[in-house]
Amino acid sequence: MLEEVERWLSDRSWSVADRPLHRILAAKRATGQTVSVVLPALNEEATVGEIVSVIRRDLVLRAPLVDEVVVVDSGSTDRTAETAAAAGATVVHRDAILPRIPAVPGKGEVLWRSLLVTRGDVVCFVDADLREFSSDFVSGIVGPLLTDPAVHLVKAMYDRPLGAAAGQGGRVTELMARPLLNMHWPQLAGFVQPLGGEYAARRSLLERLPFPVGYGVELGMLVDALHLVGLDALAQVDVGVRKHRHQDGQALGRMAAAIYRTAQLRLARGHLVRPSLTQFERAGTGFEPRTYSVDTEERPPMAGVAEYRARRVA
């Protein structure tokens, strides 16, 4: 590990207990910064309501840390939108945001569009499939941004159990993302959960970043933020244990392909000869190929979008 990274681990890796909530609230009052929490959601009826309820109970009603909770529905076919709204979130459908640009499927697409329907100086992203959710996930990663002006992006770090096996979650992280980062961006080797969906950043940074539309968004954002603001502007906070719905092996393969493509673009901005992934499924006595396109599209920095600039002026 680079000496720079060892120092960074000491200086920029914290525990949620390092910043008590009263200290974070005092910093928020002193600076006047506002906080938005965004949950990208696709068919998360079973979990999204509890997450919204906990955030509102702990960080809106009991302690005025969060100014708005926004769920961006990515085309759910269940009652995700109704459940989130009943819990107190503002719910916006992906297709209703910036309609002149047709939406494409993908998590990064939803996160990018969320910048147009939120107002916070600090934007906190939280996945909508978490179980046994704690508001520490929000206060923990928002805290450094409110208390330290030198910090621009904070990722949550946590244990990820896989069933009864402790620490065995995050398979794409260990098999794809971590090797890529260690080999090509060793300054980022200290991140425990580089692909984690819980992170917060200053709007002033997010609006200058391109957003891969799919699963590559977390890796792309981390790499681009490193180049834009430097390692010391990035940090991570230990928030305990993350429990969520795990995907099957083939879905993980598609995720890994998208992440590799995102890394490839940042390494060379070259042309991918065959931007697709073929996987195999048993059918009868043999295997049938299933070919999926790999996410290759990226949205430009929001600061360059006319509707966003107009809203900022207004």
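With sequence neighbours excluded, no residue forms a side chain to side chain donor-acceptor pair (under 3.5 Å) with Ser10. Under the side chain to side chain contact (heavy atoms under 4.5 Å, CB included) criterion, Asp238 pairs with Met157, not counting sequence neighbours. Looking at residues two or more places apart in sequence or on another chain, you find a salt bridge (charged side-chain N to carboxylate O under 4.0 Å, His left out) between Asp58 and Arg62. In this view, Tyr158 and Phe137 satisfy the ring-ring contact (aromatic ring centres under 6.0 Å, His included) rule, not counting sequence neighbours. Judged as a ring-ring contact (aromatic ring centres under 6.0 Å, His included), and not counting sequence neighbours, the contacts of Trp8 are Phe191. In this structure, the side chain to side chain donor-acceptor pair (under 3.5 Å) partners of Glu132, at least two apart in sequence or on a different chain, are Lys243.
The distance from atom CG of Leu146 to atom CD1 of Ile24, rounded to the nearest 0.5 Å, is 7.0 Å. To the nearest 0.5 Å, atoms CG (Leu228) and CG (Leu234) are separated by 10.0 Å. With rounding to the nearest 0.5 Å, the separation of CG in Leu65 from OG1 in Thr34 is 11.0 Å. Distance check, rounded to the nearest 0.5 Å: CG of Asp232 to CG of Asp11 gives 7.5 Å. Rounded to the nearest 0.5 angstrom, Gln187 CD and Leu222 CG are separated by 11.0 Å. Note: Leu265 CG to Tyr260 OH = 10.5 Å, rounded to the nearest 0.5 Å.
A pairwise comparison of heavy atoms in Val117 and Glu68 identifies O-OE1, 4.4 Å as the closest pair. Across every non-hydrogen atom of Leu59 and Ser139, the tightest pair is CD1-N, 4.1 Å. The minimum heavy-atom distance between Gly216 and Ile259, with the atom names listed, is CA-CG1, 4.2 Å. Across all their heavy atoms, Val237 and Ser15 have their closest contact at CG1-C, 3.8 Å. Closest non-hydrogen pair, Tyr215 versus Ala258, comes out as CB-CB, 4.2 Å. For the residue pair Ser36 and Gly120, the shortest heavy atom distance occurs at OG-N, 2.8 Å.
Val241 and Val192 sit in two unconnected hydrophobic clusters of ILVMFWY residues. Membership requires side-chain heavy atoms under 4.5 Å apart, directly or through other members. The hydrophobic cluster containing Leu181 also contains Leu267, counting ILVMFWY residues as joined when their side-chain heavy atoms lie under 4.5 angstrom apart, directly or transitively.
Side chains of Val52 and Phe133 form no contact here, defined as non-hydrogen atoms less than 4.5 Å apart. A 4.5 Å side-chain heavy-atom check between Leu25 and Leu21 finds at least one atom pair inside the cut-off. Considering only heavy atoms from C-beta on, Asp121 stays 4.5 Å or farther from Thr31 through its side chain. Side-chain contact check for Val223 versus His184: every heavy-atom pair is 4.5 Å or farther apart. Between Ile51 and Leu39 there is a side-chain heavy-atom pair separated by less than 4.5 Å. No side-chain heavy atom of Pro301 sits under 4.5 Å from any side-chain heavy atom of Leu209. Side-chain contact between Leu42 and Thr80: absent, with no pair of heavy atoms (C-beta onward) separated by less than 4.5 Å. A 4.5 Å side-chain heavy-atom check between Leu188 and Pro194 finds every atom pair outside the cut-off.
Within the structure, the salt bridge (Lys or Arg N to Asp or Glu O under 4.0 Å) test picks out the following pairs touching residues 175-191 (sequence neighbours left out): Glu174-Arg178. Residue pairs satisfying the salt bridge (Lys or Arg N to Asp or Glu O under 4.0 Å) criterion with at least one member in residues 204-216, sequence neighbours excluded, are listed as follows: Glu207-Arg312. Applying the salt bridge (Lys or Arg N to Asp or Glu O under 4.0 Å) test to residues at least two apart or on different chains, the pairs with a partner in residues 16-40 are Lys28-Asp67. Within the structure, the salt bridge (Lys or Arg N to Asp or Glu O under 4.0 Å) test picks out the following pairs touching residues 185-201 (sequence neighbours left out): Glu198-Arg242.
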Donor-acceptor pairs under 3.5 Å, side chain of residues 105-112 to any protein atom, not counting sequence neighbours: which ones?
{"unit_1": "Lys107", "atom_1": "NZ", "unit_2": "Asp127", "atom_2": "OD1", "d": "2.9"}
{"unit_1": "Lys107", "atom_1": "NZ", "unit_2": "Glu218", "atom_2": "OE2", "d": "2.9"}
{"unit_1": "Glu109", "atom_1": "OE1", "unit_2": "Arg299", "atom_2": "NE", "d": "2.7"}
{"unit_1": "Glu109", "atom_1": "OE1", "unit_2": "Arg299", "atom_2": "NH2", "d": "3.3"}
{"unit_1": "Glu109", "atom_1": "OE2", "unit_2": "Val104", "atom_2": "N", "d": "3.4"}
{"unit_1": "Glu109", "atom_1": "OE2", "unit_2": "Arg113", "atom_2": "NE", "d": "2.8"}
{"unit_1": "Glu109", "atom_1": "OE2", "unit_2": "Arg113", "atom_2": "NH2", "d": "2.8"}
{"unit_1": "Glu109", "atom_1": "OE2", "unit_2": "Arg299", "atom_2": "NE", "d": "3.4"}
{"unit_1": "Glu109", "atom_1": "OE2", "unit_2": "Arg299", "atom_2": "NH2", "d": "2.9"}
{"unit_1": "Trp112", "atom_1": "NE1", "unit_2": "Pro300", "atom_2": "O", "d": "2.7"}

Contacts table for residues 87-102: side-chain donor-acceptor under 3.5 angstrom, sequence neighbours left out:
{"unit_1": "His93", "atom_1": "ND1", "unit_2": "Asp95", "atom_2": "N", "d": "3.0"}
{"unit_1": "Arg94", "atom_1": "NH1", "unit_2": "Ser74", "atom_2": "O", "d": "3.3"}
{"unit_1": "Arg94", "atom_1": "NH1", "unit_2": "Ser74", "atom_2": "OG", "d": "3.3"}
{"unit_1": "Arg100", "atom_1": "NE", "unit_2": "Glu307", "atom_2": "OE1", "d": "3.1"}
{"unit_1": "Arg100", "atom_1": "NE", "unit_2": "Glu307", "atom_2": "OE2", "d": "2.4"}
{"unit_1": "Arg100", "atom_1": "NH2", "unit_2": "Glu307", "atom_2": "OE1", "d": "3.1"}

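Side-chain N or O atoms of Asn182 include none that pairs as donor or acceptor with a backbone N or O of Ala189 at under 3.5 Å. Checked by atom type and distance alone, the side chain of Gln193 never pairs as donor or acceptor with a backbone atom of Ala156 at under 3.5 Å. For Ser134 (side chain) and Asp136 (main-chain N/O), a donor-acceptor pair under 3.5 Å exists by modelled atom type. At distances below 3.5 Å, at least one donor-acceptor pair connects side-chain atoms of Arg311 with backbone N or O atoms of Leu116. A side-chain donor-acceptor contact under 3.5 Å links Gln236 to the backbone of Gly190. Put simply, the side chain of Arg202 gets close to the backbone of Val151: a donor and an acceptor are under 3.5 Å apart. The closest donor-acceptor contact from the side chain of Thr83 to the backbone of Gly49 lies at 3.5 Å or more, if one exists at all.
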Arg266 vs Glu298, test: salt bridge (charged side-chain N to carboxylate O under 4.0 Å, His left out). Steps then yes/no.
CA-CA 12 Å; Arg266 278 149 183 79; Glu298 296 196 7; 2.7 Å; yes
Given the rule in the side-chain contact (heavy atoms from CB on, under 4.5 Å) test, do Leu2 and Glu6 qualify, once you have shown the distances and angles that lead to the verdict?
CA-CA 6 Å; Leu2 298 176; Glu6 291 182 351; over 6 Å; no
Evaluate the side-chain contact (heavy atoms from CB on, under 4.5 Å) criterion for residues Val70 and Ser114: first the C-alpha distance (whole Å), next the side-chain angles of each, then the deciding distance (0.1 Å), finally the verdict.
CA-CA 8 Å; Val70 178; Ser114 75; 6.0 Å; no
Let me see the working for Glu4 and Leu231 under side-chain contact (heavy atoms from CB on, under 4.5 Å), right down to the final yes or no.
CA-CA 9 Å; Glu4 179 183 9; Leu231 181 61; 3.8 Å; yes
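Side-chain contact annotation: Thr118 with Arg203, donor-acceptor N/O pair under 3.5 Å present.
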